[in-house]
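Below: the structure, in structure tokens.
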Amino acid sequence: MSWLDALLRWFDEHGRKYFWRFSNDWYVTIVAEIMLVRTRATTVERVLKDFLARFPTPRDLCNASDEDVVPFFKRLGLIKRSSWVRKIVCTILEKYGGSIPCSEEDLEELPGIGRYLKNVILTKLCSIPRPFVDTNVLRVLSRYLGRDLDVDSAERWLSENVPPNLLYKTNLALMDVGAVLCLPREPRCSSCPLRDWCRYAEQCS
DNA sequence: ATCCTGACTA
DNA sequence: TAGTCGGGAT
């Protein structure tokens, strides 16, 4: 049993089943991922359902105004995202003919899409597996390896230690481990699937 | 008080 | 590179 087998097995059993994870629709993915920026997934889950009921299609959102979108982000914080998400969706409709652009240059031009979200989109919508490192993944891997990583080294480590076809699932698993077990303050090491290989688990109560 | 699937601005 | 955005859950 390798660390990767243990992690993926844990994910199959305990991984969070957020509905956007099972959607390959670019519109649902874009709105979800923008809402998830620095925002808890359980909070996003409620707001996103209301949002998609109000704006069922990308055209509905693009035809609306920023003022129509603001109330949803008032519930989440980081209100500037309400103009970002509408700008992104309108750009995809009008400039890219209603399909997601899959070049890194085009994605980086979209407002609100930085290094992390670009890698998520390439993975989910473009079938180009990339590591995506958020604060959870950075904390989990730093503890696991026993040294403080930056985003560059964390992405490199994932690329070198996870087969591309398992990268997406592994990334999600690391995020869930970070959100559920490998907490910033009181990590639950005894329940962690990585405890047998983790440098931090040795000194963890 | 701290943290959440970061990105933007200066 | 640091400061800022932000309401909500714990």
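Chain letters run A, B, ... following the sequence lines, proteins first, then strands; residues in each count from 1. The figures here come from the full heavy-atom set of this structure, side chains too, leaving out hydrogens, waters and symmetry mates.
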Item to complete: Considering only atom P, compute the distance from C/dT1 to B/dC4 and round it to an integer number of Å.
Response: 22 Å
Fill in: A/Asp25 and A/Lys124 ion-paired at < 4.0 Å
no
Discussion item. Measure CD1/A/Ile34 against P/C/dG6 and give the value in whole Å, please.
Written reply: 14 Å
Fill in: Donor-acceptor pair, side chain of A/Asp68 and main chain of A/Ser65, under 3.5 angstrom
yes
Worksheet item: Does the side chain of A/Thr135 get closer than 4.0 angstrom to OP1 or OP2 of B/dC4 through an N or O atom?
Response: yes
Fill in: Exercise: identify the closest heavy-atom pair between A/Leu167 and A/Pro129
CD2-C, 4.0 Å
Discussion item. Nearest whole Å is fine: how far is C/dG6 P from A/Lys80 NZ?
Written reply: 6 Å
Item to complete: Describe the nucleic acid contact of A/Leu172 in one word from base, sugar-phosphate, nothing, applying a heavy-atom distance below 4.0 Å.
Response: nothing
Fill in: Value in whole Å for how far the P atom of B/dA1 lies from CZ of A/Arg185
12 Å
Worksheet entry | Nucleotide C/dC5, atom C1' - distance to CD1 of A/Ile79 in whole Å | 9 Å
Worksheet entry | Interatomic distance, A/Asp176 CG vs B/dC4 C1' [rounded to whole Å] | 14 Å
Item to complete: Sticking with atom P, work out how far B/dT9 lies from C/dG6, rounded to a whole angstrom.
Response: 13 Å
Fill in: Whole-Å distance separating the CZ atom of A/Phe73 from the P atom of C/dG8
14 Å
Worksheet item: With a non-hydrogen cut-off below 4.0 angstrom, is A/Gly77 in contact with a base, only sugar-phosphate, or nothing?
Response: base
Worksheet item: A/Arg40 side chain: which of C/dG8, B/dA7, B/dG6 is closest?
Response: C/dG8
Worksheet item: Rounded to whole angstrom units, what separation is found between the CZ atom of A/Arg38 and the C1' atom of C/dG3?
Response: 13 Å
Practice prompt. Can you check whether any acceptor in the base of C/dC5 is under 3.5 Å from a donor in the side chain of A/Arg81, or vice versa?
Written response: no
Worksheet item: Out of B/dT2, B/dC4, C/dA9, which has the shortest distance to the side chain of A/Arg139?
Response: B/dC4
Worksheet item: If you pin A/Trp84 and A/Tyr18 to their nearest nucleotides in DNA chain B, which one's is more 5'?
Response: A/Tyr18
Worksheet item: When only distance counts, do a donor and an acceptor, one from the side chain of A/Thr43 and one from the base of C/dG7, lie under 3.5 Å apart?
Response: no
Practice prompt. Flag the pair A/Glu155 / A/Val151 as yes when at least one side-chain heavy-atom distance between them is below 4.5 Å, and no otherwise.
Written response: yes
Fill in: Whole-Å gap separating P (B/dC4) and CZ (A/Arg46)
18 Å
Worksheet item: Does the A/Asp106 side chain pair with the main chain of A/Pro101, one donor and one acceptor, at a distance under 3.5 Å?
Response: no
Worksheet item: Hey, does A/Leu183 reach any base, or is it just sugar-phosphate, or nothing, if we go heavy atoms under 4.0 Å?
Response: nothing
Fill in: Sugar-phosphate only, base, or nothing, as touched by A/Thr42 at under 4.0 Å among non-hydrogen atoms
nothing
Fill in: Comparing A/Leu36 and A/Leu110 on DNA chain B - which has the more 5′ nearest nucleotide
A/Leu36
Fill in: Main-chain N/O of A/Gly178 paired with A/Arg139 side-chain donor or acceptor, under 3.5 Å
yes
